[in-house]
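In what follows, a single structure is set out as structure tokens and then discussed.
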There are 2 protein chains.
Amino acid sequence: MFSNLAHMTTSSSRVRMSPESRREQLLELGTRLLATRTLDEISIELLAEEAGISRGLLYHYFHSLQEFHVAVVRRAVEDLYAITAPRDVGDPLEQLSVSLGAYVDFVSENYTGYVSLVRAASGSNEEIRKIYQDARRALTDRIFDIAGAEELATVGVVDSPATRLLTDGWAAMVEDVVMAWVTDPHGLSREELLNRLARALPAVVVA
Amino acid sequence: MFSNLAHMTTSSSRVRMSPESRREQLLELGTRLLATRTLDEISIELLAEEAGISRGLLYHYFHSLQEFHVAVVRRAVEDLYAITAPRDVGDPLEQLSVSLGAYVDFVSENYTGYVSLVRAASGSNEEIRKIYQDARRALTDRIFDIAGAEELATVGVVDSPATRLLTDGWAAMVEDVVMAWVTDPHGLSREELLNRLARALPAVVVA
DNA sequence: AGCCGTTGTTGAACAGGCGTCAATAGCGTT
DNA sequence: AACGCTATTGACGCCTGTTCAACAACGGCT
């Protein structure tokens with residue numbers, strides 16, 4: 001505890017780490033910084049300062065600052081997917097409600113970080129947008145998997161290109177509504193919110 | 001016709017314009033450039049080149065490049081609102097369908113520009129986000145106005161904070177779906193698309 | 001017509017942030 | 001303890017936003 005590396009923010013003595021640890025440290029730091037700042041506020045200056053390294057070192061691990069940003073978002077998205085774990089049984093719609101509940105809770109608890117992630121994902125960078133869209137798709141896919149295709153068919157939801165299109169749209173709505181609800185519930189209880197969002201899916205998707 | 005100002009892109013002779021004309025020229029140019037590029041690809045360099053002015057001149061009309069970006073987005077949003085004009089009668093749901101149709105057509109015809117606008121609007125700039133959110137609200141408000149409060153009440157839609165929250169979310173879904181649909185209809189006809197989106201609103205909003 | 005003041009306009013200089021590279025110094029190996 | 005590998009540094013170049021003193025176009029005044 002006396003030779004803690006955390007003390008060395010000001011000191012300039014070199015610390016030599018293994019490539020894996022250093023890369024990991026930078027990514028972890030990146031996601032942590034993203035919770036408080038915009039992606040383009042994560043400059044090399046800031047990064048170097050916070051990590052206690054020189055500006056040049058970043059380029060031994062990432063080709064450019066942009067590539068680092070991409071890696072950070074990828075990491076943040078992985079975390080999001082991992083943390084919003086699936087839950088167990090019930091009828092399809094209630095199942096959906098429960099899954100949404102987990103998602104809502106996550107957004108509530110990690111609000112600033114989540115908002116930052118979504119903003120980064122809608123930004124100008126093509127690659128980041130794709131990463132986030134894939135993640136969104138993975139999240140909805142997981143919901144479908146849990147509910148089960150036959151179960152969903154009973155409420156009129158069957159898989160098709162059109163269903164995909166509309167499901168993605170539904171996911172966009174969920175994101176938007178949940179973020180707004182967390183800052184101001186507009187008199188809507190958590191249960192009401194979940195039920196409305198859940199019922200909205202078949203409403204949009206069924207022919 | 002021989003002394004056309006449009007010829008002077010390379011020449012360096014000074015052109016002195018009235019503040020209003022110059023400001024207007026810059027804003028018009030900005031929105032035109034936005035149709036092809038991202039907001040942060042509109043640099044002072046590019047702007048000066050295209051407008052045939054020096055880099056420094058921008059600062060006589062805007063405090064900073066950011067403020068110029070904001071002004072451009074505001075202009076683009078005004079255009080969007082003006083162009084997607086309201087339409088006339090029918091029952092509430094069909095009315096909604098028609099309004100949505102106008103919106104879909106607009107997005108189809110101005111795809112790159114619209115996408116650019118939406119991306120800019122979800123970016124990091126607080127002020128721009130507010131501008132866009134207000135515009136979105138104005139668009140839905142207009143739809144409500146046209147349909148008429150009593151008419152909407154017949155389908156179970158009544159104004160309340162919760163309704164606002166969910167309507168905004170519905171608008172987010174519409175944006176997302178329409179943009180995706182324009183690039184790839186996923187086997188969905190325009191009519192089907194409009195009907196599904198229209199039916200989604202009461203589905204989400206009614207208690 | 002010609003001077004003159006106002007002010008739109010310029011271009012050089014400055015600041016700050018990204019990316020490069022030769023030199024430096026930890027750390028494992030012998 | 002010397003050596004080699006490579007993680008790490010820090011100064012440098014370049015590009016982009018921003019400032020500012022000087023310049024010049026245009027309308028008004030004589």
Side-chain angles (χ1 to χ4, degrees), chain A residues 3 5 7-30 33 37-72 123-125 127-128, chain B residues 3-5 7-30 33-34 37-73 120 123-125 127-128:
Chain A
S3 60
L5 289 173
H7 295 155
M8 318 197 98
T9 45
T10 49
S11 146
S12 63
S13 68
R14 287 193 180 186
V15 180
R16 189 191 177 101
M17 295 176 75
S18 74
E20 309 80 52
S21 321
R22 184 63 88 186
R23 199 185 153 91
E24 178 59 28
Q25 177 210 8
L26 292 175
L27 282 177
E28 199 278 329
L29 174 60
L33 290 177
R37 296 153 223 282
T38 314
L39 199 56
D40 53 52
E41 281 170 353
I42 301 180
S43 64
I44 300 214
E45 175 75 22
L46 175 66
L47 202 63
E49 177 110 8
E50 292 287 324
I53 61 174
S54 70
R55 295 213 216 65
L57 188 56
L58 184 72
Y59 295 91
H60 277 254
Y61 299 96
F62 304 93
H63 290 345
S64 67
L65 183 59
Q66 261 209 354
E67 189 187 300
F68 176 71
H69 285 161
V70 170
V72 166
S124 51
N125 188 313
E127 196 174 350
I128 289 181
Chain B
S3 61
N4 195 326
L5 288 173
H7 297 156
M8 321 199 98
T9 45
T10 48
S11 144
S12 63
S13 69
R14 290 192 176 186
V15 179
R16 189 190 176 103
M17 295 176 73
S18 74
E20 308 82 49
S21 322
R22 185 63 89 185
R23 199 184 153 91
E24 178 59 28
Q25 175 209 11
L26 292 176
L27 282 177
E28 200 277 329
L29 174 60
L33 290 177
L34 186 59
R37 296 152 224 280
T38 314
L39 199 56
D40 53 52
E41 281 169 353
I42 300 180
S43 63
I44 300 219
E45 176 75 23
L46 175 66
L47 203 61
E49 176 110 9
E50 293 286 324
I53 60 173
S54 69
R55 296 226 248 359
L57 186 56
L58 183 73
Y59 295 90
H60 277 255
Y61 297 96
F62 303 92
H63 290 344
S64 67
L65 183 59
Q66 263 209 354
E67 189 187 300
F68 176 71
H69 285 163
V70 170
V72 166
V73 168
S124 50
N125 188 316
E127 197 173 353
I128 289 181

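In what follows, every chain begins at residue 1, and chains take the letters A, B, ... in the order their sequences are listed. Just so you know, these numbers come straight off a predicted model, no measurement behind them.
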Find the distance B:Leu47:CG to C:dT10:P and express it as a whole number of Å. 12 Å

Rounded to whole Å, how long is the line connecting atom CD of B:Glu41 with atom C1' of D:dT16? 14 Å

Check every strand shown and say whether B:Leu57 touches a base, only sugar-phosphate, or nothing at a heavy-atom separation below 4.0 Å. base

Is there a side-chain contact between A:Ile44 and A:Tyr59, using heavy atoms and a 4.5 Å cut-off? yes

For the base of D:dC23, is there a side-chain donor-acceptor partner from B:Arg14 under 3.5 Å away? yes

I need the CG-P distance between B:Leu58 and C:dG11, as an integer number of Å. 16 Å

Rounded at 0.5 Å granularity, tell me how far OH in A:Tyr61 sits from CG in A:Leu27. 11.5 Å

Across the strands shown, which category fits A:Ser18 at heavy-atom distances under 4.0 angstrom: base, sugar-phosphate, nothing? nothing

In whole angstrom, give the distance that lies between atom CD of A:Glu45 and atom P of C:dC18. 8 Å

Side chain to side chain contact (heavy atoms under 4.5 Å, CB included) partners of A:Arg16, counting only residues at least two apart: none

Please give, in whole Å, the distance from C:dG17 P to A:Arg55 CZ? 9 Å

In whole Å, what is the span from the CD1 atom of B:Ile44 to the C1' atom of D:dT19? 11 Å

N/O donor-acceptor pair under 3.5 Å between B:Ser43 side chain and B:Leu46 backbone: yes

Start at the 5' end of DNA chain D and walk down; is the nucleotide closest to B:His63 or to A:Gly56 reached first? A:Gly56

Tell me whether the side-chain N or O atoms of B:Arg16 pair up with the base of C:dT7 as donor and acceptor below 3.5 Å, since no angle test is needed here. yes

Taking only heavy atoms on the protein side, list every residue of residues 23-30 of chain A lying under 4.0 Å from any atom of DNA chain D, sorted numerically. none

Under 4.0 Å between any heavy atoms, over every strand shown, what does A:Ile53 touch: base, sugar-phosphate, or nothing? Just pick one. sugar-phosphate

Below the 4.0 Å mark, does D:dT19 have OP1 or OP2 next to a side-chain nitrogen or oxygen of B:Tyr59? no

Would you find a donor on one side and an acceptor on the other, under 3.5 Å apart, between the side chain of B:His69 and the backbone of B:Ala120? no

Between P on D:dT9 and CZ on A:Arg22, what's the gap in Å once rounded to a whole number? 7 Å

Stepwise, does the side chain to side chain contact (heavy atoms under 4.5 Å, CB included) test hold for A:Ile128 with A:Leu39? CA-CA 11 Å; A:Ile128 289 181; A:Leu39 199 56; 3.6 Å; yes

In whole angstrom, give the distance that lies between atom CD of A:Gln66 and atom P of C:dG19. 8 Å

Would you classify B:Tyr61 as touching base, sugar-phosphate or nothing, given that sugar-phosphate means primed atoms plus P, OP1 and OP2, and contacts are heavy atoms under 4.0 Å? sugar-phosphate

Is the shortest heavy-atom distance from the side chain of B:Ser64 to the side chain of B:Glu67 under 4.5 Å? yes

Side chain of B:His60 only, please: which of C:dG19, D:dG17, C:dT10 is the nearest? C:dT10

Quick one, A:Val72 and A:Leu33 - any side-chain contact, counting heavy atoms below 4.5 Å? no

Looking at C:dG8, D:dT19, C:dC18, which one has an atom nearest to any side-chain atom of A:Leu65? C:dC18

